[in-house]
Amino acid sequence: MSYAAAIVNAIRMMLITSGTIDKESVHIKTNSVLRSHHRAMMASMSKLVLSSQLSADSGGENISKMLADSNELLLAVRNFVSACQDIPVSVNHRDPTLSNDEKSESTQQTRAKFALQSDLAENMEAYGTSMQESVDAMLVSIRRDSGEDSSRFSLAALMFTQFRNLANQTAQFIGIVEDIDYNDVDASPLILELKADRQKLSDGLGLLFCLMQSMTDETIQLKEIIADMENAAIGVSQPIRNICVLVAKLVNERRLSLPAEKRDQTPLAPTQALMETTIAEEDEDTDSVQQIEKFSVDDNATYEGTLPTEMSEPEHKQQPNPLPPTSPSLAPSSPTSQVSGDTRSSIASGDPTSPTKVTSRKLKKFFGDDAPAAAAAAAKPAVNERPWYLEYDYDPSEIVFNMEGYVKGGSLPGLVERLTLHDYLDMNFINTFLLTYRSFCTSMELLNLLEARYNLKPPEGMTDEEHETWTQKKLKLVRLRVFNVLKNWLELYYNEDDHIILDRLQEFTNTSIRSTLSFSADQLERLIRMRKEDESQGLKKMVLTLPDPPEPILPRNRKKFKLMDIDTLEMARQLTIMDFKLYSSIRPVECLDKAWSRDSNDEAGSVAVNIRASIEYCNEVTSWVSDAILSQSDIKKRSNVIKYWVQVAEKCRLLNNFNTCMAVLSAFDNSSVGRLKRTWEMVGARTNQTLSQIRKLMGANRNFTEYRAIIHSVNPPCIPFLGIYLQDLTFIEDGNPNFLKKSKELINFAKRAKTAEVIREIQQYQSSLYRLKPVEELQTFIQANLQSTRDEEQLYNESLKLEPREREDEKITRLLQESGFL
């Protein structure tokens, strides 16, 4: 085990020094080859750790497996390093300190954490139940399979789909455990037990994934793998139960540590017996807790290194809904809801022999039309899958889906209900909605609908028992969804125009939310307070410690210099600093409804101030380059200025500043400069070759095909050509109606999804900062020239003076004179 630990630490150090420790690293996010090698390396490392643990526990019986995993990891590391060298990925000196002491995480103590109280323990129960049901669903799939090799790949596809759900739930579950405030009970021995069970849960999930990977190895008998997977899946259940019980015990322990007057006001947490009863009780419908969102961590969190390549696409790409709910009568149901109460009881007690029934319709709805045929054929129809009082509140006609399972359109109330469904979580839909909702409703309208959703009224005609079930399985989970949407809204999608909702939202938080989800109200109140104080730097901002920037290349005389005295690389650097400042300031709301093309005096037009500023910057650069060329009366000096700016454009390209590069290129294609044939004839072949390469890269052929390929392969930092994104947004806006053609009341959400894809791509390059140092004298010089250029008409007249129009015979005469023949 010591050797395995040393290997892990060595790989960890390699990832830290190369800036690829996280899957959200700019290198990994933007390079598909590196991303696949990173996944393979992390999976191989996990397998080696697990096989070394198994070898140590079994007295060396699994040494051959450990050696095979070692060779696999060695190959994966070599492939990863080779991919890094090809990019290339720079390596920087780091001196990290590895520590397990939670006190070292003091920097995180400033953010609000979850209070250790009874309603938190109750919600942890819901998470535990949800995860237990996911394990049950995997056990159903395993036990149903005959173990024949012919079913190997259909079972693998089914298991990986179910594992993905369990892995996401586990990431959220562990995240909540890590984000609880343990200050009052940090000396309790239960904390150590909690850490141990948390690690067991991670290890158990990793072991299950490694066994699932073995299903693709046809040299191993499927029956052997199935038996091991079943034991591994059952083994995951125990730490889940233990963690829920430990949290409940810690809640009671904290309660007993409080003064008597406060203790009486604090309710008891659920006991272990209650928790076990909750897991084992028989329910008509248990899928309402299938995907409860994580309160304090990112909802897109996944279990690192556990998903196959095809299931881990970049976040900005919308994945098909595996379970599209189209109406109350056809509501989504997870396979776990098909496990009977007796089965859950037996699983909870470790008995793997209880019978299970699975419906064909549910399988098809969960896995789509490509559900394994054997599984669908073996399934039997179910009756009364969902009680009437747990159906959806919107009418079936209020939400429309396309063939791929994406939301095509819907009414505003219907979309908001889908945003907060009690039994289904679609994070891509939530992110797209919050990015684009301002194109079809106001922030106050959205807040009103979320408040109404939170204060959901029970349907009439329920018995007391049905009312209790409705409260636990629908109302409680809807409120959790609403809370999570509000938190994401304030953290990630807030716009300064949303300040009008803050007072209303604070009142709602201090009344409705505090009385029902008291453990989470502090988080929301803190976010509201920070937004009011405009302290956005305290909201989920990634702090980067960049290496020292390269030393600027300064003119000999910094007080008095001309354009040609500035080094072309330094000019490109200073222009890049100015351009990136504008590009990184663009907000999502500016990309909606072609706001940049409207009159700036119009309320909608005034929104896109940063896009307008970026467009103006590009126009000024183009005018400056044209003016600088036409300011030289001597033809040789003019050609030298052209050579200078071609080199600046090339340096911008090398800096991945395609926006300024295109602005300079536009000056050469300007009619006042492009017509200077005599001047261009003086430009050397090398400069023309460089310029032709830039033109080829930035050419508009086939909708900028070559440029689009380059932009998706470069390593940030990068400033894309903004004009292409504005062109794409314009095509989406003009080519798609705001409402569906068949029903003018249904918002065209598919149009918003396309818009959101473009916005996400713009955002992708905004967070990676340039490591450049601004020079005040050069910045002042550039700004002065950008603001003092002549207009198009003046530049064209100047061009005619420098090189008047001439007939063909006049051109021949001139050339003969210049060559000495006349």
Side-chain angles (χ1 to χ4, degrees), residues 87-88 90 546-556 558 561-584 614 617-629 637-670 673 680 683-699 706-707 710-711 713-723 765 768-783 785-786:
I87 291 175
S90 60
L546 296 174
D548 293 334
E551 281 300 315
I553 306 170
L554 301 174
R556 293 181 181 178
R558 295 177 61 176
F561 55 87
K562 296 180 295 184
L563 173 65
M564 304 296 284
D565 296 330
I566 304 173
D567 185 86
T568 54
L569 175 58
E570 194 56 43
M571 173 62 78
R573 288 172 176 173
Q574 299 303 314
L575 289 171
T576 296
I577 292 171
M578 298 171 66
D579 199 353
F580 186 77
K581 183 178 180 181
L582 296 170
Y583 178 79
S584 61
S614 186
Y617 160 82
C618 289
N619 292 338
E620 288 175 346
V621 169
T622 300
S623 297
W624 179 28
V625 174
S626 302
D627 201 341
I629 294 169
K637 290 183 178 179
R638 281 201 303 276
S639 66
N640 287 337
V641 174
I642 288 177
K643 292 178 183 178
Y644 177 88
W645 282 112
V646 169
Q647 288 302 311
V648 171
E650 174 65 6
K651 296 297 191 296
C652 285
R653 184 190 68 80
L654 295 175
L655 288 169
N656 294 334
N657 181 359
F658 298 101
N659 201 47
T660 300
C661 180
M662 182 59 107
V664 175
L665 187 62
S666 297
F668 301 144
D669 296 332
N670 190 302
V673 174
W680 282 103
V683 176
R686 182 178 298 179
T687 300
N688 276 312
Q689 184 180 3
T690 302
L691 182 57
S692 64
Q693 290 174 348
I694 298 174
R695 290 184 192 276
K696 184 173 182 290
L697 169 64
M698 305 301 296
E706 189 163 339
Y707 165 76
I710 289 292
I711 199 68
S713 64
V714 299
N715 294 317
C718 171
I719 308 175
F721 174 38
L722 184 61
Y765 301 103
S768 300
L769 307 180
Y770 274 94
R771 188 168 54 93
L772 298 173
K773 184 177 181 180
V775 179
E776 184 178 353
E777 294 88 349
L778 297 182
Q779 294 273 311
T780 303
F781 175 83
I782 293 171
Q783 286 286 4
N785 281 276
L786 290 177

Point-to-point distance, once rounded to the nearest 0.5 Å, from [atom1] of [X] to [atom2] of [Y]:
X      : Y      : atom1 : atom2 : answer
Ser626 : Asp669 : OG    : CG    : 10.0 Å
Glu777 : Ile782 : CD    : CD1   : 11.5 Å
Leu655 : Asp579 : CG    : CG    : 11.5 Å
Phe721 : Cys618 : CZ    : SG    : 7.0 Å
Ser639 : Tyr644 : OG    : OH    : 15.5 Å
Ile694 : Leu691 : CD1   : CG    : 6.0 Å

Give the minimum heavy-atom separation between [X] and [Y], together with the two atoms involved.
X      : Y      : answer
Ile710 : Phe658 : CG2-CZ, 3.9 Å
Thr576 : Ile719 : O-CD1, 3.7 Å
Asn640 : Met564 : O-CE, 3.8 Å
Gln779 : Gln574 : NE2-OE1, 2.8 Å
Arg638 : Ile629 : CG-O, 3.2 Å
Val714 : Pro716 : O-CD, 3.6 Å

Using side-chain heavy atoms (C-beta onward) and a distance below 4.5 Å, is [X] in contact with [Y]?
X      : Y      : result
Leu769 : Phe580 : yes
Val775 : Arg573 : no
Met662 : Tyr707 : no
Val625 : Val641 : no
Leu778 : Phe561 : yes
Leu582 : Met578 : no
Tyr583 : Pro720 : yes
Pro550 : Arg771 : yes

When you measure from the side chain of [X] to the backbone N and O of [Y], does any donor-acceptor pair fall under 3.5 Å?
X      : Y      : answer
Asn659 : Leu722 : yes
Asn688 : Gly684 : yes
Asn670 : Ser666 : no
Thr622 : Ala663 : yes
Ser692 : Gln689 : yes
Asp565 : Lys562 : yes
Asn656 : Asn715 : yes

Problem set entry | Trp645 and Trp624 aromatic ring geometry - parallel, tilted or perpendicular at 30°/60° bounds | perpendicular
Problem set entry | Verdict with supporting geometry, Leu554 and Glu570, side-chain contact (heavy atoms from CB on, under 4.5 Å) | CA-CA 8 Å; Leu554 301 174; Glu570 194 56 43; 5.7 Å; no
For this session: Identify which one of Thr660, Val621, Thr568 satisfies the side chain to side chain contact (heavy atoms under 4.5 Å, CB included) criterion when paired with Val648.
Result: Thr568
For this session: Examine Phe668 together with Trp680 and report whether their ring centres are nearer than 6.0 Å.
Result: yes
